[in-house]
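From a predicted model like this one, the values you see are computed outputs, not experimental measurements. Hydrogens, waters and symmetry mates play no part in the numbers below; they use all other heavy atoms, side chains included.
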Amino acid sequence: MTHDPDCIFCRIVAGELPCFEIYQDDDTLAFMDINPANTGHALAIPKQHWQDLHTTPDEQLAATIATAKRVAGALQAELSPDGINLAQANGKGAAQSVMHFHMHIVPRRLGDELKLNWGMNPGDMDAIGELAKRIAVRLAET
Ligand code: AMP
């Protein structure tokens, strides 16, 4: 198991830091983004530490996108967005701020005018936590 003790996502995987968990399996974890670009913004990560697309083994990428697909299905069912973007950043120039491979799952609304490099604006933790419970129930049912 590759693990970086200084990585915030590794520390979430290890249970050292809290998260609004919505799903996990042997290889991956999904949780709500605490600076949501839109309501329902979630992240899917491999449990092992890989910095980016270039260094993550193919089977770990496959596991992570499968989890992103499951999460997208639950978000669609719970929030009925007009669309969902998957986004993934590699390197500072692409605005990657956490150096542990992750996929953003971002519900979209027509006319929301969301920019790809959205700013980090802290969300309402009570609202995120309440929504996380609803999405986790959906994921437990699939
Ligand atoms: P990126 O900027 O593409 O590397 O995405 C990293 C994402 O991780 C950002 O959208 C942050 O809001 C999110 N993030 C950072 N720390 C946490 C955390 N403790 N819990 C949930 N999301 C986080």
Side-chain angles (χ1 to χ4, degrees), residues 1-109 112-142:
M1 183 87 162
T2 55
H3 174 85
D4 178 348
D6 297 324
C7 168
I8 191 167
F9 286 177
C10 284
R11 296 188 68 198
I12 286 174
V13 170
E16 295 169 9
L17 293 175
C19 74
F20 294 106
E21 179 181 327
I22 53 177
Y23 175 80
Q24 67 169 303
D25 57 27
D26 288 348
D27 292 319
T28 69
L29 173 69
F31 52 95
M32 306 305 284
D33 198 304
I34 56 171
N35 305 294
N38 261 349
T39 299
H41 181 174
L43 301 170
I45 68 168
K47 288 183 174 175
Q48 294 194 61
H49 183 83
W50 313 101
Q51 181 167 315
D52 56 21
L53 179 72
H54 308 297
T55 52
T56 306
D58 287 356
E59 70 276 8
Q60 296 287 312
L61 293 174
T64 307
I65 198 163
T67 291
K69 180 181 178 183
R70 290 179 74 117
V71 169
L75 290 169
Q76 189 66 46
E78 186 63 35
L79 297 173
S80 300
D82 298 317
I84 294 178
N85 278 126
L86 296 186
Q88 192 274 315
N90 300 285
K92 300 272 184 213
Q96 182 179 7
S97 62
V98 177
M99 298 300 153
H100 180 130
F101 179 83
H102 53 279
M103 302 216 57
H104 295 265
I105 305 111
V106 185
R108 299 296 306 274
R109 297 284 174 195
D112 65 16
E113 299 191 357
L114 184 67
K115 304 286 187 292
L116 186 58
N117 284 349
W118 56 84
M120 284 208 201
N121 302 305
D124 176 331
M125 297 305 146
D126 290 339
I128 293 173
E130 192 274 327
L131 181 55
K133 287 185 189 140
R134 285 162 43 203
I135 303 298
V137 167
R138 294 263 184 196
L139 285 159
E141 291 169 349
T142 58

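- No side-chain heavy atom of Y23 sits under 4.5 Å from any side-chain heavy atom of L29.
- Looking at E21, its side chain never comes within 3.5 Å of a backbone N or O of F31 through a donor-acceptor pair.
- For the pair M125 and F20, the minimum side-chain heavy-atom distance is below 4.5 Å.
- Nearest approach of A74 to R138, heavy atoms of both residues: CB-CB, 3.7 Å.
- Between the K47 side chain and the D25 main chain, a donor and an acceptor come within less than 3.5 Å of each other.
- Residues satisfying the salt bridge (charged side-chain N to carboxylate O under 4.0 Å, His left out) test with R134, not counting sequence neighbours, are E78, E130.
- The CD1 atom of I22 lies 11.5 Å from the CD1 atom of I128; values are rounded to the nearest 0.5 Å.
- Residues H102 and H100 keep their aromatic ring centres 6.0 Å or farther apart.
- Under the 4.5 Å side-chain criterion, counting only non-hydrogen atoms from C-beta, L61 is not in contact with T64.
- Taking SG of C10 as the start and CH2 of W50 as the end, the distance is 10.5 Å to the nearest 0.5 Å.
- Across all non-hydrogen atoms, the minimal contact from S97 to M120 is OG-CE, 3.0 Å.
- Here the shortest heavy-atom pairing between A37 and L114 reads O-CD1, 3.6 Å.
- Remark: side-chain polar atoms of Q96 are paired, donor with acceptor, to backbone N or O of G91 under 3.5 angstrom.
- Remark: the backbone N or O of T142 is paired with a side-chain donor or acceptor of R70 at under 3.5 angstrom.
- For residues 115-125, there are no side-chain hydrogen bond (donor to acceptor under 3.5 Å, both in side chains) pairs, not counting sequence neighbours.
- Two residues are said to be in side-chain contact when any heavy atoms from C-beta on lie closer than 4.5 Å; D82 and R108 fail this criterion.
- When every heavy atom of P107 is checked against every heavy atom of N38, the shortest pair comes out as O-ND2, 2.9 Å.
- Listed for the D33 side chain is no donor-acceptor partner under 3.5 Å among the backbone atoms of L43.
- Residues M103 and K69 form no side-chain contact, since every pair of their non-hydrogen atoms from C-beta on lies 4.5 Å or further apart.
- Panel note: side chain N85, backbone A87; no donor-acceptor pair is recorded below 3.5 Å.
- Taking the side chain as every heavy atom from C-beta outward, F101 and Q88 approach each other to under 4.5 Å.
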Using the rule given for side-chain contact (heavy atoms from CB on, under 4.5 Å), can you reason through H3 versus Q48, listing the C-alpha separation, both sets of side-chain angles and the distance that settles it, and then say yes or no?
CA-CA 6 Å; H3 174 85; Q48 294 194 61; over 6 Å; no
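- H41 has its side chain out of reach of M32: every pair of non-hydrogen atoms, C-beta onward, lies at least 4.5 Å apart.
- Checking side-chain atoms of T56 against main-chain N and O of D52 turns up a donor-acceptor pair under 3.5 Å.
- Taking both residues in full, the closest heavy atoms of I84 and A72 are given as CD1-O, 3.3 Å, listed atom of the first, atom of the second, then distance.
- Within 6.0 Å of atom CG in L79, more than 12 heavy atoms from other residues, nucleotides or ligands are found, so the atom counts as buried in its surroundings.
- Panel note: side chain T28, backbone P46; no donor-acceptor pair is recorded below 3.5 Å.
- For V71 against A30, the heavy-atom pair with the smallest separation is CG2-CB, 3.7 Å.
- Taking CG from L139 and CG from L75, the interatomic distance works out to 7.5 Å, rounded to the nearest 0.5 Å.
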